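None of the values given here were measured: they were computed from a predicted structure. Lettering of chains follows the sequences in order, A, B, ..., and the numbering in each one begins at 1. What's counted below: heavy atoms across the whole structure, side chains too, no hydrogens, waters or symmetry copies.
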2 protein chains.
Amino acid sequence: MTVAETGLRARTRRAILDAAFSTLTGNSGASLSDVAAAAGVGRTTIHRYFPERTDLITAMSEDLLEKIALATTRARLNDGTAIQALDRLLQEYFELGDYLMLAFTEPHIIDAADWETESPADRQLIAMIERGREEGSVDARMPASWVQQVMWALLYASWQQIRDEETSKHDALGLCLLAFHKAVGSA
Amino acid sequence: MTVAETGLRARTRRAILDAAFSTLTGNSGASLSDVAAAAGVGRTTIHRYFPERTDLITAMSEDLLEKIALATTRARLNDGTAIQALDRLLQEYFELGDYLMLAFTEPHIIDAADWETESPADRQLIAMIERGREEGSVDARMPASWVQQVMWALLYASWQQIRDEETSKHDALGLCLLAFHKAVGSA
DNA sequence: CTTTCTTGGAACACATGTGTTCCACTGTCT
DNA sequence: AGACAGTGGAACACATGTGTTCCAAGAAAG
């Protein structure tokens with residue numbers, strides 16, 4: 001019963017989590033057998049690490065929040081103008097790709113507990129956008145919450161563009177930044 | 001066995017379809033019992049109109065394509081500048097709301113058969129965007145497919161904004177049009 | 001009122017996913 | 001070689017959704 005993170009256990013856990021992300025993206029109803037196959041482990045092993053399905057979902061939610069918090073830190077929201085910080089944040093989030101897609105396409109999977117209350121990263125982001133509206137780098141006609149919505153939506157669009165239109169990651173990011181900059185920047 | 005669209009049958013069918021749209025939006029795995037309850041009919045009745053689950057999905061797909069085609073026609077894509085036509089189309093699509101959300105959040109539900117091959121509405125739209133790029137009203141740095149992606153993404157964002165941020169439909173549409181116009185219009 | 005159409009509910013067999021238990025196999029470390 | 005942690009697979013009971021059949025009740029049309 002003791003679980004002394006032996007390195008192997010940590011690796012197996014990660015493999016299961018990653019497989020869960022990639023499998024449940026685009027098929028929210030996938031079975032644990034599907035996840036197990038994608039992770040290259042037996043279904044029994046999944047139950048060893050996550051006794052119930054909801055435990056796996058919860059772990060995914062926590063994992064995602066962690067990744068988002070890290071990306072937000074790396075973006076240094078307080079450096080430079082707000083619009084520059086937004087550009088950096090967009091690039092960081094862009095790199096999360098697969099992980100974020102799930103939160104977008106199947107919000108009901110994540111919306112469990114932690115997510116309901118605004119995360120620290122969210123509060124930081126909203127505050128930073130407000131700063132941009134005051135300093136004039138962000139279009140003041142748009143509420144901060146809308147700017148945030150647009151950011152998420154364009155991120156989603158850029159990943160769809162990669163999937164559907166054989167666009168390179170680099171080009172997609174460029175288009176995303178261009179559209180975002182034009183859309184929410186001050187005229 | 002004969003099905004002579006008696007007006008009552010048509011109404012029941014519509015009730016089931018509408019319930020299916022509203023129920024499956026946000027919970028793609030909802031059971032037919034859930035749909036039946038939402039439609040105010042018995043589960044047996046659903047099977048009378050749509051023998052198998054896939055038949056219901058197919059009917060939803062066809063219904064949605066029809067609504068999109070109608071909206072596209074109403075937008076008169078060939079009148080005025082391309083950017084004006086895009087504004088009109090955005091407003092038409094905005095009104096479809098609930099119906100379109102499903103295609104967005106659960107594409108795998110719709111992606112069945114008809115959808116794979118580009119619909120006529122899609123081709124019309126792409127051609128119109130190309131026209132805008134040539135005449136200079138649409139930012140030529142953006143591929144037509146990307147402009148389309150941005151349109152869908154901002155539509156989704158505006159509906160999210162209504163759901164999450166207690167914004168009125170009117171304000172949300174205004175923000176959507178503003179962001180879209182700025183994002184894809186020529187500088 | 002009587003016939004016809006449509007419906008809702010109960011009961012059923014069937015398929016699929018879930019969670020558990022048990023046992024044998026494979027590495028690794030000593 | 002022996003001890004041990006980690007694993008995969010089979011087997012099981014259980015829950016839920018699906019598709020079908022049958023029948024009685026209600027509404028609509030003559």
Side-chain angles (χ1 to χ4, degrees), chain A residues 1-61 102 105-106 108-113, chain B residues 1-61 102 105-106 108-113:
Chain A
M1 202 51 66
T2 148
V3 185
E5 289 307 312
T6 75
L8 170 59
R9 285 191 66 87
R11 240 180 309 129
T12 306
R13 190 187 141 94
R14 264 256 61 86
I16 295 173
L17 277 178
D18 283 339
F21 274 107
S22 63
T23 303
L24 295 184
T25 303
N27 181 11
S28 58
S31 70
L32 292 187
S33 304
D34 296 333
V35 177
V41 304
R43 186 173 67 93
T44 317
T45 302
I46 290 189
H47 279 112
R48 257 190 276 270
Y49 284 79
F50 309 99
E52 299 189 4
R53 193 182 222 274
T54 55
D55 295 324
L56 175 59
I57 303 297
T58 302
M60 291 171 69
S61 176
L102 185 62
T105 58
E106 321 289 348
H108 58 283
I109 288 187
I110 305 293
D111 273 356
Chain B
M1 202 52 66
T2 148
V3 185
E5 290 307 311
T6 75
L8 170 60
R9 284 191 66 87
R11 241 180 306 129
T12 306
R13 191 187 142 93
R14 265 255 61 86
I16 294 174
L17 277 177
D18 283 339
F21 274 107
S22 63
T23 303
L24 295 184
T25 303
N27 181 12
S28 58
S31 71
L32 292 187
S33 304
D34 296 334
V35 176
V41 304
R43 186 173 67 94
T44 317
T45 302
I46 290 189
H47 279 112
R48 257 189 277 270
Y49 285 78
F50 309 99
E52 299 189 3
R53 192 182 222 272
T54 55
D55 296 323
L56 175 58
I57 304 297
T58 302
M60 291 171 69
S61 177
L102 185 62
T105 58
E106 322 289 347
H108 58 281
I109 288 187
I110 305 294
D111 272 357

If you only use heavy atoms from C-beta on, which nucleotide in [options] is closest to the side chain of [X]?
X: B:Glu52; options: D:dG19, C:dT6, D:dT7; answer: D:dG19
X: A:His47; options: D:dT18, C:dT6, C:dT20; answer: C:dT20
X: A:Leu32; options: D:dG19, C:dG19, C:dT6; answer: C:dG19

Non-hydrogen side-chain atoms of [X] and [Y] separated by less than 4.5 Å:
X: A:Thr45; Y: A:Arg48; value: yes
X: B:Thr105; Y: A:Thr105; value: no
X: B:Leu32; Y: B:Leu56; value: yes

Separation of [N] [atom2] from [X] [atom1] (nearest whole Å):
X: A:Phe50; N: C:dT18; atom1: CZ; atom2: P; result: 15 Å
X: A:Arg11; N: D:dT7; atom1: CZ; atom2: P; result: 10 Å
X: A:Arg13; N: D:dG6; atom1: CZ; atom2: C1'; result: 16 Å
X: B:Arg9; N: C:dT4; atom1: CZ; atom2: P; result: 18 Å
X: B:Asp55; N: D:dG19; atom1: CG; atom2: P; result: 8 Å

Work out which heavy atom in [X] is nearest to a heavy atom in [Y]; give both atom names and the distance.
X: B:Leu24; Y: B:Ala30; answer: CD2-CB, 3.8 Å
X: A:Ser31; Y: A:Arg53; answer: CA-NH2, 4.2 Å
X: A:Met60; Y: A:Ala20; answer: SD-CB, 3.7 Å

Polar side-chain contact A:Arg48-C:dG19 base: donor and acceptor under 3.5 Å
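No pair found.
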Check the phosphate of D:dG6 against A:Thr12, side-chain N and O only, distance under 4.0 Å to OP1 or OP2. Yes or no?
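The answer is no; no side-chain N or O of A:Thr12 sits under 4.0 Å from OP1 or OP2.
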D:dG6 OP1/OP2 closer than 4.0 Å to side-chain N/O of A:Tyr49
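So the side chain of A:Tyr49 is outside the cut-off, no N or O lying under 4.0 Å from OP1 or OP2 of D:dG6.
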Name every residue in residues 33-46 of chain B that has at least one heavy atom under 4.0 Å from any atom of DNA chain D, in order of residue number, or write none if there are no such residues.
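Contacts with DNA chain D under 4.0 Å: B:Arg43, B:Thr44.
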Restricting to pairs with a member in residues 31-55 of chain A, which pass ring pair (Phe, Tyr, Trp, His ring centres under 6.0 Å), not counting sequence neighbours?
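Ring pair (Phe, Tyr, Trp, His ring centres under 6.0 Å) check on residues 31-55 of chain A returns no pairs.
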